[in-house]
Protein chains: 2
Amino acid sequence: MAKETIAGLAQRLGISKASVSYALNGQPGVSELTRRRVLDLADELGWYPSSSARALSRSRAGAVGMVLSADPLLIGTEPYYMGLLTGIETALAEGDTALMLRMVGKDPEQERATYERWAGERKVDGVILFDHRHDDPRPALLERLRLPFVLHGAPATEGAAPRSGTTTDHALDAATIVDHLHRAGHRRIAHISGPRSFLHEEARIEGVQDRAGRHGMSVTRYEADYSLDSGRDAALALLRAGEGITALVFGNDLMSMGGLLAMRAIGLRCPDDVALVSWDDSLHCELASPSVTALARNPGLQGRVAAELLLRLLDTGAVQTARMPAGDLIARSSTGALP
Amino acid sequence: MAKETIAGLAQRLGISKASVSYALNGQPGVSELTRRRVLDLADELGWYPSSSARALSRSRAGAVGMVLSADPLLIGTEPYYMGLLTGIETALAEGDTALMLRMVGKDPEQERATYERWAGERKVDGVILFDHRHDDPRPALLERLRLPFVLHGAPATEGAAPRSGTTTDHALDAATIVDHLHRAGHRRIAHISGPRSFLHEEARIEGVQDRAGRHGMSVTRYEADYSLDSGRDAALALLRAGEGITALVFGNDLMSMGGLLAMRAIGLRCPDDVALVSWDDSLHCELASPSVTALARNPGLQGRVAAELLLRLLDTGAVQTARMPAGDLIARSSTGALP
DNA sequence: CTGAAAGCGCTTACAG
DNA sequence: CTGAAAGCGCTTACAG
């Protein structure tokens with residue numbers, strides 16, 4: 001049973017290997033009767049075609065890759081990635097495609113080496129890219145390697161060469177957050193972003209700036225690195241500066257938690273003294289006390305869509321872009337909403 | 001370059017395909033000079049052997065599988081899994097083995113179908129199994145499918161057929177937790193475990209019972225399902241029953257968070273009225289207020305060891321068992337330690 | 001609709 | 001140490 005092959009099936013049924021193959025793959029070239037007999041026998045024997053033989057003859061691996069390149073500590077605690085991963089895997093499974101997962105450190109060289117190798121070994125048919133940066137070397141690398149890819153979560157860029165990927169309207173999300181704070185009466189806010197080298201962070205920074213400007217609010221910018229500690233440090237620096245900031249917007253949930261710790265440390269109350277918004281929802285935001293107002297972005301859905309785009313790209317070569325829905329602001333105590 | 005093959009290399013170098021293959025794989029049968037020339041050329045061309053061709057001729061996939069079968073919601077928020085995953089992937093990468101990740105719901109049928117298929121397609125060379133249960137059908141299934149596996153985190157069972165896997169001394173961990181509570185003066189405690197059908201939960205339950213008995217403490221048991229809500233419900237039921245329980249031990253961090261919510265809801269203070277310990281550490285425990293005393297079990301290390309055992313099993317057929325180190329109790333505010 | 005055959009790109013006995 | 005050849009288990013033109 002574990003050693004059954006297409007030749008074995010053909011022999012048992014008294015037909016040729018080709019017929020078995022056609023039957024299995026839903027190709028024309030076999031009578032319905034034969035097809036049924038093949039399928040039934042395969043089922044009965046619990047037989048599946050060898051993935052490596054199939055991959056070799058089709059020159060298609062039947063798998064796509066995903067490199068998580070971040071501080072391992074961050075990956076483990078960052079719920080956004082897990083949500084994304086779940087969505088991606090689910091969609092891939094439905095498309096009979098396996099997910100190859102690689103976790104590397106922050107060293108970009110390792111990510112590069114992984115793609116180089118995957119392409120060379122023809123181990124994956126395509127990859128999903130995150131955290132698109134300015135002058136990101138990866139798209140050009142993947143093109144050189146002829147490894148199809150989708151770009152996840154970048155801001156829509158007009159005029160650029162069309163690429164497969166999901167785009168997020170970060171300006172819209174920024175407006176949602178800023179409006180919420182404006183409505184609550186805040187006029188001096190701070191925006192603690194992740195690294196500006198990420199295109200999505202730049203889009204968010206501009207979005208916040210623009211919208212706040214329209215409301216006549218002032219924004220102090222601070223660049224951090226998504227870690228809890230960097231969020232805490234940012235909050236300490238901003239709140240001690242005495243600029244009269246009354247609300248902090250953090251680029252992710254971990255930094256928001258750091259912000260809460262900072263406030264507690266210097267004796268400021270949230271939201272009475274300073275309000276707080278997280279640009280990513282998670283259980284952390286829900287459980288914190290006070291609970292933290294957050295923009296829910298539905299990472300599961302995003303992952304699913306990204307994976308579907310990649311599958312379509314591989315199947316049909318269709319290059320398309322999917323706009324992600326706007327984030328939902330979940331109002332909680334940290335901006336004065338009822339608990 | 002992307003289309004280079006072993007035949008191409010051989011032709012360029014004026015030698016046979018066999019020599020190239022031997023050179024690449026560190027096999028005897030080529031002169032050192034030839035080997036160097038092959039390796040250098042491969043390097044220069046950025047060439048790697050096709051994984052599917054290699055898999056087909058070696059009948060080895062070069063990948064192992066891992067099925068995460070849990071509530072998707074739970075997976076995304078349960079830090080233990082991410083830590084484990086990181087450890088596993090890191091060790092596999094060092095062993096030049098890919099990780100195939102599949103996420104399925106709680107339906108055991110889906111997990112079964114995945115193994116069936118992976119085995120049939122020879123897509124993976126082995127798998128890592130978690131959450132061993134009573135009468136778990138998976139080991140027998142995998143044996144029938146001839147898919148090697150390691151069992152992660154089960155209690156050591158004497159006299160049973162030897163299997164590859166990691167074992168945890170849950171009784172020792174239980175003692176650590178119970179002793180901590182006893183020292184703090186608690187005499188009536190409750191243990192909110194995960195499902196008892198898991199062998200590790202049963203071992204924990206017995207361990208807590210035994211150790212508490214030795215100290216003359218009483219233990220009320222409650223079975224929950226690892227979710228936040230189930231932890232909350234458990235705490236509500238136990239604390240309202242008025243049995244004079246002064247400390248709660250939860251089987252994971254999410255349930256612990258549920259416990260805190262429950263206490264807040266009914267106006268009990270932690271640790272003054274009721275103390276709390278989590279049988280898994282995480283950022284949630286660290287950030288909660290009060291911060292939650294927890295048993296840190298080092299999932300990253302555990303994952304690494306499990307993966308190494310599997311690689312060894314695949315390489316040499318060596319069946320071995322590795323005892324995981326005892327958990328570290330991180331004392332925090334929820335049991336009266338200083339913040 | 002069916003069969004014989006070449007090919008996918010490696011590995012590995014087997015002669016030399 | 002090297003070369004010619006078979007084999008891994010599929011897919012896919014090509015004749016019939």
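Letters A, B, ... are given to chains in the order of the sequence lines, protein chains preceding strands, and every chain is numbered from 1. These values consider heavy atoms only, across backbone and side chains, with no hydrogens, waters or symmetry-generated copies.
A search for side-chain hydrogen bond (donor to acceptor under 3.5 Å, both in side chains) contacts involving B/E308 returns B/R304, not counting sequence neighbours. Every side-chain hydrogen bond (donor to acceptor under 3.5 Å, both in side chains) that A/D96 has, sequence neighbours left out, goes to B/R117. Listed by chain and number, the residues in a side-chain hydrogen bond (donor to acceptor under 3.5 Å, both in side chains) with A/T5 amount to none (sequence neighbours excluded). Under the side-chain hydrogen bond (donor to acceptor under 3.5 Å, both in side chains) criterion, A/E143 pairs with no residue, sequence neighbours left out.
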What one-letter contact string describes nucleotides 8-16 of chain D from 5' to 3', where B marks a base within less than 4.0 Å of any protein heavy atom, S marks contact via sugar-phosphate atoms alone, and - marks no contact?
-> BBBBBB---

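Ion pair A/R144/A/E116 flagged as a salt bridge, since at least one NZ, NE, NH1 or NH2 atom sits closer than 4.0 Å to an Asp/Glu carboxylate oxygen. The pair B/R12-B/E44 fails the salt-bridge criterion, with no side-chain N (NZ, NE, NH1 or NH2) lying under 4.0 Å from an Asp/Glu carboxylate O. A salt bridge links B/R60 to B/D315: at least one charged side-chain nitrogen sits closer than 4.0 Å to a carboxylate oxygen.
Between B/R35 atom CZ and D/dT2 atom C1' there is a gap of 14 Å when expressed in whole angstrom units. Between A/L33 atom CG and C/dC1 atom P there is a gap of 11 Å when expressed in whole angstrom units. If you measure from atom CZ of A/R37 to atom C1' of C/dT2, you get 13 Å, rounded to the nearest angstrom. Per the geometry, CG belonging to B/L13 stands 15 Å off C1' belonging to D/dG3, to the nearest Å.
Helical stems in DNA chain C, defined as runs of 3 or more consecutive Watson-Crick or G-U wobble pairs with both donor-acceptor distances under 3.5 Å, are listed by first residue as C:1-3 with D:14-16, C:5-12 with D:5-12, C:14-16 with D:1-3.
Checked by atom type, the side-chain pair B/R133/B/S197 shows a donor-acceptor distance below 3.5 Å.
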